[in-house]
Amino acid sequence: MGRSTTTTTTKDAQALFHSLRTAYVATPTNLKIIDLYIVFAIVTALIQGVYMALVGSFPFNSFLSGVLSCVGTAVLAVCLRIQVNKENKEFKDLPPERAFADFVLCNLVLHLVIMNFLG
Amino acid sequence: MARNLGFLVLALLVLASSCESTIFNPVSESHRSAALELFTPTDGSFGSLEETYEALKTFEVLGIEKKPDIRTSACASVVDTLLSTSTAVKDLFHALRVNGMLKCELNDEAFAGIESRLKDSLNNANSLLDFYYSIGGLVLIKDQTSAVDVLLTDADKIFRSIKALSQSDGRWRLNSNNPESSNDAAGKALEALAGVISLASSEIDQSLIATLKNDIAKLFDGVARYDDGTCYFDEKLVDARGHQGPLSASTSVVRGITAFAEVTTESLNLPGEKILGLAKFFLGIGIPGSAKDMYYQIDALACLENIRQVFTLGSIPLILSLPATVLSVTKKDQLKVRVSTVLGSSAPPLTVKLMQTFISGSKDASIIDQKLNFDPDNAVHVLETLPTNVDVGNYIFSFEIVFDDPEQKKNYATGGRTKVPIHVTGAITIDSAEISILDSDIGSPETQKKLDLPGENAVALSANHLQKLKLSFRLTTPSGHAFKPHQDFLGLVEKFYYLSGKYDIQLTVGDSVMENSFLQPLGHIELDLPDAPEKAARPPPQPVDPYSRYGPKAEITHIFRSPEKRPPRELSLAFLGLVFLPLFGFLAGLFYLRANLKNLPKSTVPATFAILFHLGIAAVLALYALFWFKLVHLTSNLYFLLAVGSIHNIEGTWLIGNVLDVCRAKDTIPSCIHIGQVEICVISIPISRVSSR
């Protein structure tokens with residue numbers, strides 16, 4: 001029974017991944033670009049986390065500002081994706097240029113703060 | 001009263017009973033100036049009538065002409081008191097006394113009225129003081145006016161009633177109820193009885209007067225005396241006024257016997273030395289401190305001065321005094337002696353002889369028997385040269401007074417030999433002074449240096465702890481005798497605390513009879529002492545300089561927090577490279593997704609805006625870079641940042657429309673939107689442009 005469950009589970013997982021992949025291919029390119037940006041930001045954050053784990057948290061403010069800049073910009077990109085996505089009925093009337101403008105502006109403000117907190 | 005011609009040095013009364021020699025000075029200028037100071041009127045009067053009388057009597061006895069003028073206020077007070085019907089007898093008495101001195105305006109009716117009141121109170125008197133004041137008042141009226149009849153018809157009766165208060169020891173009681181007797185009351189009683197005798201209209205029984213003389217003799221038997229011949233009447237009870245005491249009691253008795261002697265023809269055989277003793281008692285007070293004491297003293301001395309007039313065989317006390325009791329042999333001072341009465345008047349012609357000299361503290365006496373020469377200009381007896389055997393030191397000189405006219409011996413009391421302490425000083429010579437270091441007590445001197453005392457000396461010696469220091473010198477008095485000074489200090493610290501080093505030596509030689517005492521530094525000595533044993537006293541801790549707290553303090557070494565452990569450089573650089581990897585991955589991904597990187601507008605206006613847009617973002621980021629590198633300060637440049645941002649935003653609006661137009665034209669909707677070409681729009685875009693989305 002265990003083996004069959006496991007097999008079923010793996011089969012289901014494989015089916016799941018397959019369906020996800022095919023669905024993802026269908027997303028518009030602009031959304032893919034935004035997703036790529038998000039992945040880039042998170043990976044950078046992770047690398048910084050690993051570095052901190054290796055050498056210790058001194059100076060802590062620098063670590064925080066680095067990590068939070070990546071995380072912050074990722075969050076802003078997620079907001080941008082939500083607003084730009086055509087299938088999202090809630091933001092039907094919001095022009096994507098406006099969303100992008102907000103994204104850039106918020107990033108600038110975030111990086112002003114980050115740059116000061118960096119120390 | 002004859003005035004003294006010079007200032008006399010005040011002699012202090014030596015109270016110690018062991019001292020037999022004392023100096024008594026007669027009344028002098030110091031008494032007069034003290035009287036003026038003590039009796040100062042406040043607001044134009046001396047206070048009560050009693051105090052006014054005391055002041056006036058003192059000034060009169062001392063012969064002070066320049067006295068404060070209180071006549072108007074005093075007379076007004078006198079007249080008020082005498083004319084008022086409710087005043088007490090005591091106040092009438094004091095007012096009459098003041099009137100006797102000032103002679104205020106009072107008519108005979110006033111006197112008559114007072115006299116009747118006094119006689120009434122006399123008839124009702126039952127205490128000694130009542131008798132005293134009433135009779136005293138009547139006597140004063142008799143002196144001041146002859147228009148009033150003050151004679152007493154029942155003088156015998158009054159005499160007996162006063163006499164009834166007397167006691168067997170010569171003292172009197174104040175009234176029949178009070179068993180305590182006093183000398184002061186005795187004096188007042190004698191005065192009162194004298195007044196009765198003088199006011200008696202008919203002769204008083206002589207036997208009564210004889211008993212009174214016995215009483216006086218008994219009173220004098222009870223006189224107290226000090227060892228130096230001073231006599232006084234002691235008082236045991238002190239009344240509420242606090243003015244009783246030996247002084248007031250003695251004064252009262254002296255007044256009493258003087259008053260009595262005035263009215264009787266018989267003589268009172270009072271011993272001369274007791275009179276002299278009383279005089280010495282009053283003079284021994286010196287200058288009294290209070291007005292009342294001064295009045296008592298001066299009043300009593302005036303009575304004693306005039307005793308010759310009242311006593312047929314009384315003796316006037318003569319006082320021998322010395323202006324200076326410290327004589328210098330070196331300066332060849334002359335011994336001067338003055339003889340006068342108690343109030344400073346001149347004595348009859350007499351000679352003073354120095355009979356003996358004693359050295360203080362020893363029983364040996366040397367007989368001198370030398371006459372002093374009289375200097376009439378200064379009224380002093382002078383001994384030109386001191387006796388040859390008088391050297392420096394403390395002496396007692398014994399003087400005797402010899403009258404030129406032997407008959408005068410009966411009239412004056414001199415008290416036999418008078419002993420006076422004399423302090424003789426002189427310059428002491430020092431010679432044969434030398435200082436030496438000896439190897440041991442009897443050993444030969446290692447170093448020997450002559451000293452020149454009392455001149456300057458600066459010797460330099462050195463010694464160790466095994467050697468002895470010897471200092472010797474010889475002192476000689478002016479007469480050539482050896483002199484042992486009272487103190488000689490060789491100023492070396494006794495306990496050196498085993499500190500070796502250089503010490504200064506000082507020599508001090510001094511004595512009260514040595515006129516040239518000196519303190520001389522002699523030089524210095526280097527001492528080489530061994531190390532201190534463990535139990536030796538440590539030198540006292542040096543006093544801490546109180547200003548040292550303001551000086552620099554001890555250096556403090558700071559312990560810094562150890563710096564944080566930093567990662568190795570290579571690791572940091574490795575991760576720096578590692579962080580850039582995702583960026584490259586992102587760019588690669590963009591390329592893979594075939595993102596449209598091309599749609600840059602070509603026409604002029606949109607191109608300008610596109611460039612400006614990118615420049616705007618670049619400018620903001622450049623500003624951040626400047627902030628980061630601290631080339632620009634953030635807070636002061638925040639407004640600049642805002643300005644750049646807003647300019648950027650304004651021109652951004654234009655670009656959007658252009659980009660959209662371009663995109664629409666090319667009809668590549670999905671890939672039209674590119675991150676690099678989208679504007680920051682703070683101002684909302686017109687709806688019409690975006691509705692196609």
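Sequence lines set the chain letters: A, B, ... in the order given, protein chains first and strands last, and positions in each chain run from 1. Both backbone and side-chain heavy atoms feed into the values below; hydrogens, waters and symmetry mates do not.
- Heavy-atom contacts from other residues, nucleotides or ligands closer than 6.0 Å to OH of A:Tyr24 number more than 12.
- Only the side chain of A:Leu54 comes within contact range of chain B, judged by heavy atoms closer than 4.5 Å.
- When every heavy atom of B:Tyr624 is checked against every heavy atom of A:Leu112, the shortest pair comes out as OH-CB, 3.2 Å.
- In terms of heavy-atom pairs under 4.5 Å with chain B, the best-connected choice from A:Ile42, A:Val43, A:Thr44, A:Ile47 is A:Ile47.
- Ranked by heavy-atom pairs shorter than 4.5 Å toward chain A, the options B:Leu621, B:Leu583, B:Leu623 are led by B:Leu583.
- Separation of atoms OH (B:Tyr592) and NZ (A:Lys32) is listed at 8.0 Å; rounding is to 0.5 Å.
- The aromatic rings of B:Phe586 and A:Tyr37 sit perpendicular, their planes meeting at an angle over 60°, well past the 30° parallel limit.
- Each of B:Pro582, B:Pro568, B:Gly589 has some count of heavy-atom pairs under 4.5 Å with chain A, and the biggest count is that of B:Pro582.
- Smallest separation of non-hydrogen atoms from B:Leu571 and A:Tyr51: O-CE1, 4.1 Å.
- Considering only heavy-atom pairs separated by less than 4.5 Å from chain B, the leading option among A:Leu46, A:Val39, A:Asn116 is A:Asn116.
- For A:Asp93, no part lies under 4.5 angstrom from a heavy atom of chain B.
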